[in-house]
Visitor: 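Here it is, the structure, as structure tokens.
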Amino acid sequence: MPSAVMLNGTLCAPEQATISVLDRGFLYGDSVYEVIRTYGGVPFELGRHLQRLDESARRIGMALPCDVATIEAEVWGAHEATRNPESYLRVVCTRGSGEISLDPAVARDPQRIVIAQALNAPPQVVYEEGVRVALVGVRRNLKAAIDPQAKTGNYLNSVLAFGEARRGGFYEAIMLDHRDLVTEGASSNVFAVFGSTLVTPPLEAGILKGVTRTVVTEVASQGGLQVLNLPLTESALLSADEVFITSSIREIVPVVAIGETEIGREPGPIYREVRRLFGAYVKTYIANHYVAPRP
Ligand code: PDD
């Protein structure tokens with residue numbers, strides 16, 4: 001399945017898409033990014049993703065290299081260039097390069113990159129049987145250090161947490177903060193279910209404002225379920241009736257064990273209901289945003 005890269009507005013084969021080793025994205029993770037998937041060839045919630053890209057850039061005092069509408073067109077263009085039915089899409093904007101210095105003011109020539117690859121969605125068994133996740137030792141970055149609400153290229157916090165989980169044979173890492181409160185997964189948000197109430201940590205917990213988290217909150221609330229943003233302790237999470245994680249690529253994944261603690265033997269009824277509501281939302285979204293590919 002082919003991949004395509006749009007580098008500063010020019011379509012190129014991935015092996016020809018190169019940027020300077022002096023780029024600050026490479027040197028410092030001084031960049032912002034988004035990951036989007038398509039459904040029926042439509043980049044899902046592209047507007048919300050690009051709004052978050054813009055907000056991430058503002059949070060680190062970086063200007064996007066161009067307007068959001070240009071990036072939007074490039075995302076569609078990169079997907080169409082692959083001719084794949086569905087894409088994994090990654091948008092990266094860096095602060096650029098210059099003299100090697102921490103000073104952001106020396107940065108010139110910001111880069112923008114859209115990578116489109118064939119979507120590699122999780123296998124069906126993940127949704128049918130659920131996954132085991134780990135509460136890892138790596139703590140989530142402090143909001144006052146590198147705010148997790150900015151989706152920056154500086155992802156070592158998540159890389160280390162995920163590595164710890166994978167070494168233990170777990171599907172995802174769940175991170176606590178310095179106060180022992182639950183934050184989020186290495187690349188997902190966390191929901192705990194108590195009765196028919198969904199609880200997910202608030203943004204103040206130091207988490208990414210996940211687009212899937214937002215959509216799940218909206219569809220669940222419209223579907224008559226209560227959704228609360230509340231601090232979640234480790235023991236509350238472990239005692240939940242159901243737990244699931246959300247992300248753009250994995251959508252909603254049921255969790256059946258956290259470390260050695262079982263959380264229900266199989267994906268629960270609230271998970272199944274939220275998944276149904278989410279599926280219906282996606283269908284409507286595609287119908288409202290479909291654009292026929294150019295011949
Ligand atoms: N990551 N939290 C973190 C730390 C994430 O990296 C992600 C997504 C999420 C979920 O956000 P969303 O629902 O907007 O995808 C939460 C993407 C998928 C990634 O970096 O690959």
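Both ligands and their constituent atoms are indexed starting at 1 by order of listing.
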Visitor: Check each protein residue for a heavy atom under 4.0 Å from ligand 1 and list those that pass, ordered by chain and number.
Guide: Tyr33, Val35, His49, Arg52, Arg140, Lys151, Tyr155, Glu184, Gly185, Ala186, Ser187, Ser188, Asn189, Leu208, Gly210, Val211, Thr212, Thr246, Ser247, Ser248
Visitor: Using residues 122-136 as the side-chain source, report each donor-acceptor pair under 3.5 Å to any protein atom, sequence neighbours left out, with the distance given to one decimal.
Guide:
unit_1, atom_1, unit_2, atom_2, d
Tyr127, OH, Arg250, O, 2.9

Visitor: Quick one: hydrophobic cluster around Tyr28, which other residues, with the 4.5 Å side-chain cut-off, linked directly or via members?
Guide: Val21, Leu22, Phe26, Leu27, Ile100, Leu102
Visitor: Return yes if a side-chain donor-acceptor contact under 3.5 Å exists between Asp67 and Thr70, otherwise no.
Guide: yes
Visitor: Does NZ or CZ of Arg37 lie under 6.0 Å from the centre of the six-membered ring of Tyr39, at an angle within 45° of the ring axis?
Guide: yes
Visitor: Only counting residues at least two apart or in another chain, list the ones meeting side chain to side chain contact (heavy atoms under 4.5 Å, CB included) with Asp109.
Guide: Gln111
Visitor: Just say parallel, tilted or perpendicular for the rings of Phe44 and Phe278, cut-offs at 30° and 60°.
Guide: perpendicular
